[in-house]
Amino acid sequence: MVAFLYNSILIILITNFIFERWLDYLNTKSWSAEIPPELVGIYNEEKYQESQEYQKATHRFTLVTESLGFIAILIIFASGGFGWLDGIIRLHFSNPIFVALIFFATLGILTEIVSLPFSLYDTFIIEAKFGFNKTTHRVFYLDRIKGLIISALIGGLILCLIVWIYLTAGNLFWVYSLLVIAVFSVFMAMFYSSIIVPLFNKQTPLADGTLKNAISTFSIKTGFILDNVFVIDGSKRSTKANAYFSGLGRKKRIVLYDTLISELETEEIVAVLAHEIGHYKKHHIYIGLFFSLISTAIMLYIFSLVSSHAAFAQVLGSNVPSFQLAIISFGILYSPLSMVIGVGMNYSSRTHEYQADRFAAENYRAEYLASALKKLSINNLNNLTPHPAYVFFHYSHPTLLQRLKILMRFNNQ
Ligand SMILES: [Zn+2]
């Protein structure tokens, strides 16, 4: 059994790495030196070349970081590093919840230290080279410290609860832990914008003026309360622009980046807002939450069936079965299935984007959304010609060209 698990884990790790690099490679093959015909006249030659350079730079960076990460995991796995770490912690602590907490804290801190230089390079070399970066070193380090504290508090609390349930609930482990995760997910969906986001960014209600008037006319028409529209200081970190819808029930809000507001014309901003209201009207947050809980339920159920088997710890080099070792070996063994589920979730998310675009086109104007999407793609130097296989596996949004094609149909109405 142990040998079977060991070989399966090795095969999954290697296959997954090769598969991801192959998808990346396909993407590099579909870069075209020529501007796609639909975008001639929008993307100028110089900006287009810049976007190609940016794609190449991020591709090289991903190749290096993914390869190093892959080698590190292989070495740690094959040398029994996970079991060794678990054993060391057990020398000093006996409470299984403590052992699990310290185990994951150690892995988290190690990952943080190892990833730091790469993250610095990404932010201050690559992003800076293409004019995106606005992050100061102070903001950069504060972000990481805050991120660590938040994951220690929230992750630590959830982990304690789940391990405690694992140790005490027997067969019902998956039901109770699913409940914990469901309550936490709903709580986060509701309060993420009012508790977590303010730790990193300032959100201000829309200021009076032309934009507010334009938005107000539109939101009255669609029944979305204007008080729920906020502007966030995205320019604190990057010139990249964005907008999103978040929250449930009374806690719902649409957040527009200040960079988006300065990039786009009033009508284009209203069109983006109309798209976000589309997400709200079509209940996309609820649907996404529902599917993610279904996928968590499937995973927890299978985990609860197999995880008590000693082989899940032995394969990582330990003779003491534990939650933390089981979750690591199970996590790798489960990853092919989780990839399939991820593809389904991405597909559903892309469908939602089309629905929100459609809502904006029907209730506002398709041409304004089209020009907003073009400007955002250019501003963010997005890859305009990703390979269809890459899109199928990894894209949560349809490509710009796919969206423009649909929006064109509304143009002459
Ligand atoms: Zn959207």
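Start at 1 and go down the list; that is how both ligands and their atoms are numbered. Keep in mind that the numbers below use all heavy atoms, side chains included, and drop hydrogens, waters and symmetry copies.
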Requested in this report: Using a cut-off of strictly less than 2.8 Å, determine whether His275 has an N/O/S atom near the Zn ion (ligand 1).
Outcome: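 Of the N, O and S atoms in His275, at least one lies under 2.8 Å from the Zn ion (ligand 1), which means yes.
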Query raised in the report: Within less than 2.8 Å of the Zn ion (ligand 1), any N, O or S from His397?
Result: no
Requested in this report: Mark yes or no: Arg350 above the aromatic ring of Tyr354, with NZ or CZ under 6.0 Å from the six-membered ring centre and no more than 45 degrees from the axis.
Outcome: no
Query - Closest approach to the Zn ion (ligand 1) by Glu353, given as the N, O or S atom name - result: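 Answer by atom name: OE1.
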Query - Carboxylate-amine/guanidinium contact Glu268 Lys375, below 4.0 Å - result: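 Salt bridge: yes.
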Query raised in the report: Regarding Gln49 and Glu53, is there a side-chain donor-to-acceptor distance under 3.5 Å anywhere?
Result: no
Query raised in the report: Under the criterion side chain to side chain contact (heavy atoms under 4.5 Å, CB included), which of Asn382, Ile126, Asn383 is the partner of Tyr54?
Result: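 With Tyr54 as partner, side chain to side chain contact (heavy atoms under 4.5 Å, CB included) holds for just one option, Ile126.
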